[in-house]
Amino acid sequence: MNVATWNVNSIRTRLAHVTQWLTDNPVDVLCLQETKVVDDDFPRSPFTELGYEVYIYGQKSYNGVALLSRVPLTDVRYGFGGVLGEAIGAEWDAQKRVISGWFADVRIVNLYVPNGSSVSSDKYPYKLAWLGILRDYLQTLLASESQVLVCGDFNIALEDRDIHDPKGREKQVMATDAERNALRAVLELGFADAFRKFNQDDGQFSWWDYRAAAFRRNLGWRIDHHYLSPSLYERAQGCTIDIAPRALEKPSDHVPVTVQL
DNA sequence: ATGGCGGGTCTAACCCGA
């Protein structure tokens, strides 16, 4: 099975790119982030016409995640509350960033981790706290499910080789030690990076700033990831970044990343 | 470079992303 993740930066603006990519790359599951649309206005039919089931968890203007699947998913969970229940305050799901479903023998978790804005912003401690809730969420899933794939836009580059220029990174959001340590605490539950099973190169990125001709100069970051529980990591046969959509007219600033299981 | 581009919507002396 093939599972892809793609932050599309508005599903309505990127609709033609996503449908074309799915036609060329008919993955079993596509995890979308930053759909930026309420559920009633999500463009379902272009995907159902391609043979995909559509599961959405959106909000107005910001955030929003979705799962597209070639077969119906079971046990779809919406938000942190969908797994942690009322024990977690509803405020943690005010921003729609988490959706999860069961495909074949794999629990797929699709995340849009907060960006954090800047180290001095209120959004930065929110991001760190959010990663703490994520740890509880995944620990709860792992109590009953052993094959878990966690993917999405993590807004964190875990290693210096994941950044075009790591100089000053300890003060830069997406690469501070606190963010990396918060993500490592999540991964210590038993997850490993599918991409690094197959590729040890630097210069491998999934996001490039719209400004300063960053894509043409390959000034990017690798912040979109597939993390796998142990048996899935052993089973993984490949993990690839498709940079082609970044060169289209009016692209998303992220590109799709696909894991083969 | 407290913002160069590009989403969104309260179309702006706007907000937000990464």
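Lettering follows sequence order; numbering is per chain, from 1.
Taking the ring axis of A:Phe205 as reference, the NZ or CZ atom of A:Arg222 does not stay both within 45° of it and closer than 6.0 Å to the ring centre.
B:dA12 sits 22 Å from B:dG17 when the P atoms are compared, rounded to a whole Å. Distance check on atom C1': B:dT9 versus B:dC15 gives 9 Å, rounded to whole Å. B:dC10 and B:dG4: their C1' atoms are spaced 26 Å apart (whole Å). If you take atom C1' in B:dT2 and the same atom in B:dT11, they sit 24 Å apart, rounded to whole Å. Comparing B:dG8 with B:dA18, their C1' atoms sit 16 Å apart, to the nearest whole Å. Taking the P atom of each, B:dA1 and B:dG7 are spaced 27 Å apart, rounded to whole Å.
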Legend entry - Steps toward ring-ring contact (aromatic ring centres under 6.0 Å, His included) verdict (A:Trp92, A:Tyr137): CA-CA 12 Å; A:Trp92 285 106; A:Tyr137 172 98; over 10 Å; no

Inset, instruction - Check the pair A:Asp224, A:Ser206 against side-chain hydrogen bond (donor to acceptor under 3.5 Å, both in side chains), reporting the backbone distance first and the verdict last. - result: CA-CA 6 Å; A:Asp224 300 88; A:Ser206 65; 2.6 Å; yes

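Here the C1' atom of nucleotide B:dA18 and the CG atom of A:Asp162 are 15 Å apart, to the nearest Å. The OH atom of A:Tyr210 sits 24 Å away from the P atom of B:dA1 (whole-angstrom rounding). What separates CG of A:Asp41 from P of B:dG7 is a distance of 18 Å, to the nearest Å.
Note on ring orientation: taking the six-membered ring where Trp is involved, the planes of A:Trp130 and A:Phe80 are tilted (angle from 30° to 60°). Under the 30°/60° scheme for interplanar angles, the aromatic rings of A:Phe47 and A:Phe42 are found to be tilted. A:Trp207 and A:Trp221 have perpendicular rings, their planes meeting at more than 60° on a 0 to 90° scale where under 30° would count as parallel.
Residues from residues 166-177 of chain A placing a heavy atom under 4.0 Å of any atom in DNA chain B, listed by number, are A:Met174. Residues of residues 3-13 of chain A having a heavy atom closer than 4.0 Å to DNA chain B, listed by number: A:Asn7, A:Asn9, A:Ser10, A:Arg12, A:Thr13.
Distances shown here put every side-chain N or O of A:Asn115 at or beyond 4.0 Å from the OP1 or OP2 atom of B:dG17. Residue A:Tyr112 places at least one side-chain N or O under 4.0 Å from the OP1 or OP2 atom of B:dA18.
Here the side chain of A:Ser61 is nearest to one of B:dG7, B:dT9, B:dA18, namely B:dT9. Listed candidates were B:dA18, B:dG17, B:dG7. Nearest to the side chain of A:Ile223 is B:dA18. Nearest nucleotide to the side chain of A:Lys60, out of B:dG7, B:dG17, B:dT9: B:dT9.
A ring-centre distance under 6.0 Å is found for A:Phe154 and A:Tyr227. When ring centroids are compared, A:Trp21 and A:Trp6 come within the 6.0 Å threshold.
The one candidate from A:Arg246, A:Arg216, A:Arg217 that meets the side chain to side chain contact (heavy atoms under 4.5 Å, CB included) condition with A:Trp208 is A:Arg246.
Using a 4.0 Å heavy-atom cutoff across all strands shown, A:Lys123 reaches sugar-phosphate atoms only and no base atom.
Take the nearest nucleotide of DNA chain B for A:Gln95 and for A:Lys36: the residue whose nucleotide is more 5' is A:Lys36. Toward the 5' end of DNA chain B, the nearer of the two residues A:Arg14 and A:Ser117, judged by each one's closest nucleotide, is A:Arg14.
Applying the ring-ring contact (aromatic ring centres under 6.0 Å, His included) rule to pairs touching residues 228-249 of chain A yields nothing, sequence neighbours excluded. For residues 141-152 of chain A, the side chain to side chain donor-acceptor pair (under 3.5 Å) pairs, not counting sequence neighbours, are A:Asp105-A:Gln147, A:Arg107-A:Glu145, A:Gln147-A:Ser231. Among residue pairs with one or both ends in residues 54-75 of chain A, those qualifying as ring-ring contact (aromatic ring centres under 6.0 Å, His included) are A:Tyr57-A:Tyr78; sequence neighbours excluded.
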Inset, instruction - Both distances under 3.5 Å, Watson-Crick or G-U wobble: on that basis, could you give the dot-bracket string for DNA chain B, with [ ] for crossing pairs and | for other-strand partners? - result: ....((((.....)))).

